[in-house]
Amino acid sequence: RAAVARPRRARRPARRLPDRQHPHAPALVQAQGALADLNAIKRVDPSNFKVAYTATAVPARLALERRNWREAAALELSPQLRGLAPLDKMPWAEAHIHFARAVGSARSGDPLNARRQVARLSSIEQALIIPPGEYDWRKQVAIERQIAEGWLAYAEGRKAEAERLRAFRETARRVAHEMRNPLTPIRLAVAQLARAAPPAQHEAIDVLVAESGRLEQLAREFTEFGRLPEGPAAQVDLVELLTGLARSSVPPTMTVRLALDPDLPTVLGHHDPLHRAFSNIVRNAVEASGGEGVVELAAARVDGGVRIE
C-alpha cells in the first residue's frame, strides 16, 4: 500500500533527523539500497500492475517515511523507473507520486503546490475507468486524495494563522508609535507642572504621572508584542516559569494556589514572550479580583501536550 500520513494534532515542530541519526537507520539504509537496486533494473517481463505499483510506491514511501518533506514535495521518478511499466495506462500508480508531492508540499509550507497536486489526484480519480471484476483503484486514489486534502487544510490553516499574527503585530507597532508620540511632551509638561504647582494640585498631578506612566508601559508592551522572538527556540520549564510568576505577580493581599504537575515536560519556545503572556494573564486575574481573593494556577499533561489554567 502507498504510505498513509494521517493529519494529527501538532505537538511540537517536527525535526527531521539526518538519515544516519534516524532511530531506524539500518532499515532506511536497506530501503535506500532497495530503491537503488530498483533503479538499476532495465526491463521487467511481464510489465504489469505489480511493477507499476512498486516503481511508484517505493520512492514515494521512502521520502514520506523519512519525513523528508522537501524531497517528497519535489519527487520525480527516474527515467529507469518510468520505463519499467506503462504508467500512462496505469494513472492510479502515478497518483502515488502526486500524493507524496501533496503531503510533502503541505508539510514543508507550500500549500499552493499541495493544492495543485490534490487537483491532479482528483483528476486521476475522476478519469479512472475500472473494468468489471478488476480491483477498483479509484478507492486507493480517493484515499490518497482525502489524506492530501487533510494536510492541505492543515497547512492553509497555519498559513492563515501566521498572516493574522503578522497583521496583529503590525497593528501593535502602529499603536505603540501613535501612543508614544504624544506621551513624551505630556510627561515633560506634567513634570513642569509638578515643580510649580501648589499643594492643592499635587493629588491631580500624581494621577497624571501615574496614568501617563501606565500608558508608557502599555506602549512598551505593544512594542514587545509587535517584535518577533529573537534567537532560536529553547526548552522552557513551565513549572519554574509559573512558580516564579506566582511569587512576583500576585500581591500579598491575595492567596495563590498552585497545582503544577512536577513531571510536566518542558516545551520548545521562547522564554521571554511566554513569560509576558502568562504574566499578562495573571495580572488580568489580579485586577479583575480587585487585589483580593484567590488566584489558581494549574498545569498538567493532556494528549501529549500541556494544558495550563
Side-chain angles (χ1 to χ4, degrees), residues 2-24 28 31-32 56-77 94-125 141-173 225-236 265-274 277 303-306:
V4 176
R6 297 180 179 175
R8 55 185 176 181
R9 183 181 299 174
R11 296 176 181 176
R12 62 177 59 183
R15 182 170 66 92
R16 191 183 71 83
L17 293 172
D19 289 347
R20 63 180 180 277
Q21 297 179 15
H22 197 281
H24 303 300
L28 286 173
Q32 288 168 332
T56 52
V58 168
R61 288 190 60 171
L62 187 58
L64 291 173
E65 293 180 16
R66 287 162 54 223
R67 303 174 70 83
N68 192 332
W69 308 125
R70 294 191 183 280
E71 179 181 314
L75 185 62
E76 293 286 351
L77 285 182
E94 190 83 36
H96 296 156
I97 304 302
H98 295 292
F99 170 69
R101 291 175 185 167
V103 175
S105 297
R107 297 298 301 271
S108 61
D110 187 1
L112 183 61
N113 189 50
R115 181 165 291 282
R116 285 197 292 263
Q117 301 304 322
V118 168
R120 189 72 185 93
L121 285 169
S122 182
S123 298
I124 292 174
E125 178 188 355
V141 178
I143 291 171
E144 292 177 328
R145 174 184 55 77
Q146 290 166 8
I147 294 170
E149 285 176 342
W151 279 116
L152 172 60
Y154 175 75
E156 290 182 332
R158 292 187 62 182
K159 183 179 180 182
E161 181 181 353
E163 289 174 351
R164 285 196 298 271
L165 188 56
R166 280 194 293 270
F168 289 152
R169 285 172 174 154
E170 180 60 27
T171 300
R173 282 193 290 267
F225 178 75
R227 182 179 300 142
L228 288 171
E230 296 180 357
Q235 296 297 327
V236 179
T266 58
V267 298
L268 187 66
H270 293 81
H271 182 276
D272 289 348
L274 284 172
D303 296 332
V306 176

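All values below were derived from every heavy atom in this structure, side-chain atoms included, with hydrogens, water molecules and symmetry-related copies excluded. The residues of the chain are indexed from 1 along the displayed sequence.
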J.: As an exercise, state the distance from CG of L75 to CD1 of I97, rounded to the nearest 0.5 Å.
T.: 4.5 Å
J.: Compare every heavy atom of E144 with every heavy atom of F99, then report the nearest pair and how far apart it is.
T.: CD1-O, 3.4 Å
J.: If we ignore hydrogens and angles and just use 3.5 Å, is the side chain of R115 paired with the main-chain N or O of L152 as donor and acceptor?
T.: no
J.: Roughly how far apart are E65 CD and R67 CZ, rounded to 0.5 Å?
T.: 11.0 Å
J.: Keeping the roles fixed (side chain from S122, backbone from V118), state whether a donor-acceptor pair exists under 3.5 Å.
T.: no
J.: When you compare the side chain of R101 with that of R120, does any pair of heavy atoms fall below 4.5 Å?
T.: no
J.: Please name the pair of heavy atoms, one in P265 and one in V306, separated by the smallest distance, quoted to 0.1 Å.
T.: CG-CG2, 3.9 Å
J.: Locate the shortest heavy-atom distance separating P111 from A155; write the atom from each residue and the value.
T.: CB-CB, 4.4 Å
J.: Working to the nearest 0.5 angstrom, can you tell me the gap between L64 CG and R107 CZ?
T.: 9.5 Å
J.: Nearest heavy-atom pair of A95 and L121: which atoms, and what distance?
T.: O-CD2, 3.4 Å
J.: Using every non-hydrogen atom in the two residues, find where A114 and S105 come nearest and quote the distance to one decimal.
T.: N-CB, 3.6 Å
J.: Taking only residues two or more places apart in sequence or in another chain, which ones pass salt bridge (charged side-chain N to carboxylate O under 4.0 Å, His left out) with R145?
T.: E125, E149
J.: Distance from I124 atom CD1 to E94 atom CD, nearest 0.5 Å?
T.: 6.5 Å
J.: Would you name the heavy atoms of V103 and W69 that are closest together and state the gap between them?
T.: CG1-CZ3, 4.1 Å
J.: Any side-chain heavy-atom pair from Q235 and L268 closer than 4.5 angstrom?
T.: yes
